[in-house]
Amino acid sequence: MKEMVLLGDEALALGLIHAGVSGCFGYPGTPSTEILEYLIDNYEKKSQAADTQEEAPLAQWCSNEKTAYEAALGVSFSGKRAVVTMKHVGLNVAADPFMNSALCKIKGGLICIVADDPSMHSSQGEQDTRFYADFAMIPLFEPTNQQEAYEMAAEAFEISERFNVPVIIRMVTRLAHSRAVVKTNEKNTSQNKLKKGAAQNWMLLPALARKNYVSLIEKQEGLLEWANGNSRNTLSLNPGRKDMAVITSGLGRNYYEENLKDFAEKSGEKGLPSSLHISGMPLPVKLIQEIAGSAETIVVIEEGMPFIEKQLRGIIPGKNKIRGKYDGFLPRTGELSPDSVRAALGLSPRKTAADEIQMPPLPGRPPQLCKGCPHHDSYTAINKAVAILNEKDRKNGLLSDGEVSTVVASDIGCYSLGASAPLKSIESIVCMGASVGMARGASIAGYRYTFGVIGDSTFMHSGLTGLVDAVASKTPVTIVILDNSIVGMTGCQPTIIPSSKFEQVVKGLGVEPEHVRTLLSNPGNIDANAGVLVEEAEYRGVSVVILARECLEAFRLRKKKEAIMNNKKAEEKTE
């Protein structure tokens with residue numbers, strides 16, 4: 001065994017490598033990004049090493065989560081082990097192949113890693129992936145620490161291949177982005193040999209899909225038997241305490257155990273309540289029924305939405321009082337913490353150093369664009385264009401006081417910060433690609449000038465199809481692509497195609513060439529760029545304006561990489 005200090009994401013990635021994964025795909029999204037970054041780094045290092053005998057698993061970023069999932073399906077169909085990574089809202093994008101893959105007879109193990117984001121640190125919702133696993137009727141693994149994340153990679157592949165189903169591993173922000181010592185194996189599992197699946201198990205024509213659906217239903221009994229016997233589902237009974245029992249999952253166990261010493265003191269002679277830790281899905285019904293028979297009240301401590309709490313009402317209907325997030329026993333929104341669990345257990349707050357020091361309230365520090373960010377100049381130009389258009393319509397008697405002719409819809413990415421002061425440029429942020437569709441819809445509804453503001457990576461992720469709709473319907477709309485040549489929000493991953501090809505893509509979708517404009521976004525061009533935006537907004541058709549300048553952080557990273565490469569070449573030349 002070898003000990004390494006790893007993020008939860010890195011521990012899971014290393015576990016995949018050691019478990020014999022062959023193909024790794026994903027789209028960057030916090031808090032999942034570091035998983036594929038680790039796998040890509042491993043692939044690049046192993047591929048460049050001349051003396052390695054080890055076959056490195058291929059790892060690639062994809063246009064979006066759907067295309068990533070489909071690539072992983074192709075690897076699995078070919079008999080090899082595959083993984084696809086994404087954040088929780090990314091599974092919405094991949095839902096079509098994900099749900100259908102449950103009806104395929106998975107050949108090479110297939111793992112879908114989804115990182116949920118309780119408290120919405122960098123997300124637009126607190127969606128809980130366990131509902132998707134339940135919907136698809138497939139297994140889900142939920143690690144509580146970095147060591148389990150590492151070990152569960154191999155376990156998930158084994159279960160995927162045993163039951164011929166895809167498997168989800170659910171991470172959460174706090175585990176994904178914290179470090180711990182992990183004991184790792186020195187020996188890797190060999191990659192599977194190439195051998196494709198039988199066609200009838202992978203073609204979801206209605207006649208075949210119906211049979212496959214029956215097969216999936218039949219697998220549920222075996223999956224349930226596995227769950228009830230899973231050594232990670234740990235049950236501890238205290239026959240002397242009938243008032244309450246505790247069920248935990250994921251990080252809920254950690255927060256509960258951090259309070260056990262004080263809770264044991266409070267419990268006195270009757271001792272700690274019976275407890276059951278659930279490490280994933282399907283839920284171990286027999287173990288749940290057993291703990292339900294041991295106590296009158298069941299307390300559920302789970303990170304995310306009240307999934308287990310909800311399921312209990314069907315597994316043990318009316319038998320016990322169930323306490324958790326639905327009744328306010330624990331907070332319904334945000335992350336759990338040792339303190340929130342402590343309060344629910346009736347323990348007094350822990351005293352901290354902060355309690356002894358009288359600190360003045362700190363000013364708020366909302367997120368903002370980096371100094372010198374090209375998006376600041378782009379939004380300033382958009383604001384000027386919007387002001388010019390509204391003033392023109394007001395002078396022409398088309399607007400009453402307080403009315404506007406403009407809509408500026410935006411999208412998910414670092415450019416979402418254009419919503420904040422002092423810019424306050426954008427009016428909607430819903431999901432990847434929504435800016436294009438919403439701008440088209442607002443135009444159809446009656447607004448004269450509508451802008452859809454979208455980043456370069458997001459445009460390739462989900463903006464293309466919305467632009468096709470606009471072109472097909474000849475809707476007056478101006479799409480503004482903020483091209484900073486990188487996926488900025490998640491740590492400067494490469495955009496799927498070079499920025500230089502964006503004009504070709506847009507023209508290829510049918511936008512008139514004279515209404516595809518690429519502009520340099522910098523402080524000296526703000527007025528000129530605003531003028532172009534006004535011209536294109538007044539055009540009664542589809543126009544696309546690409547506001548381009550490299551992200552400063554990407555520029556620094558690129559220059560640093562170039563310096564390293566130049567130094568390496570100089571050293572080789574000297575030798």
Is a side-chain donor-acceptor pair under 3.5 Å present for [Y] with [X]?
| X | Y | value |
| --- | --- | --- |
| Tyr255 | Ser340 | no |
| Ser178 | Gln146 | yes |
| Arg253 | Thr234 | no |
| Glu65 | His461 | yes |

Taking all non-hydrogen atoms of both residues into account, name the closest pair between [X] and [Y] and its distance.
| X | Y | result |
| --- | --- | --- |
| Lys266 | Gly346 | NZ-O, 3.2 Å |
| Tyr69 | Pro166 | OH-CB, 3.7 Å |
| Glu303 | Leu251 | OE2-CD1, 4.2 Å |
| Glu309 | Ile322 | CG-CG2, 3.8 Å |

Lys105, NZ atom: more than 12 neighbouring heavy atoms under 6.0 Å: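 No, NZ of Lys105 has 12 or fewer neighbouring heavy atoms, counting only those of other groups under 6.0 Å.
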Neighbour count >12 (heavy atoms, 6.0 Å) for atom CD, Glu225: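 No, because the 6.0 Å sphere around CD of Glu225 holds 12 heavy atoms or fewer from other groups.
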Using a 4.5 Å cut-off on heavy atoms from C-beta on, say whether the side chain of [Y] contacts that of [X].
| X | Y | result |
| --- | --- | --- |
| Ser457 | Tyr27 | yes |
| Leu36 | Pro28 | no |
| Leu336 | Lys325 | yes |
| Asn228 | Asn233 | no |
| Arg130 | Gln311 | no |
| Thr33 | Gln493 | yes |
| Asp262 | Arg342 | yes |
| Thr67 | Phe25 | no |

Quick one: [atom1] on [X] to [atom2] on [Y], what's the gap to the nearest 0.5 Å?
| X | Y | atom1 | atom2 | answer |
| --- | --- | --- | --- | --- |
| Glu161 | Leu110 | CD | CG | 10.0 Å |
| Ile291 | Ser274 | CD1 | OG | 5.5 Å |
| Glu37 | Thr490 | CD | OG1 | 7.5 Å |
| Ile429 | Met438 | CD1 | CE | 10.5 Å |
| Phe163 | Leu216 | CZ | CG | 12.0 Å |
| Met244 | Ser294 | CE | OG | 10.5 Å |

Phe141 and Trp226 aromatic ring geometry - parallel, tilted or perpendicular at 30°/60° bounds: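 Tilted.
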Audit row: Arg170, Asp116, salt bridge (charged side-chain N to carboxylate O under 4.0 Å, His left out) steps and yes/no: CA-CA 7 Å; Arg170 180 194 186 224; Asp116 289 357; 2.7 Å; yes
Criterion side chain to side chain donor-acceptor pair (under 3.5 Å) on Ser275 and Tyr256, from CA distance to verdict: CA-CA 10 Å; Ser275 64; Tyr256 176 59; 5.6 Å; no
Within the 6.0 Å centroid threshold, strictly below: His18 and Tyr150: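 They qualify: ring centres under 6.0 Å apart.
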Audit row: Arg232, Glu151, salt bridge (charged side-chain N to carboxylate O under 4.0 Å, His left out) steps and yes/no: CA-CA 11 Å; Arg232 293 195 184 276; Glu151 294 170 359; 2.7 Å; yes
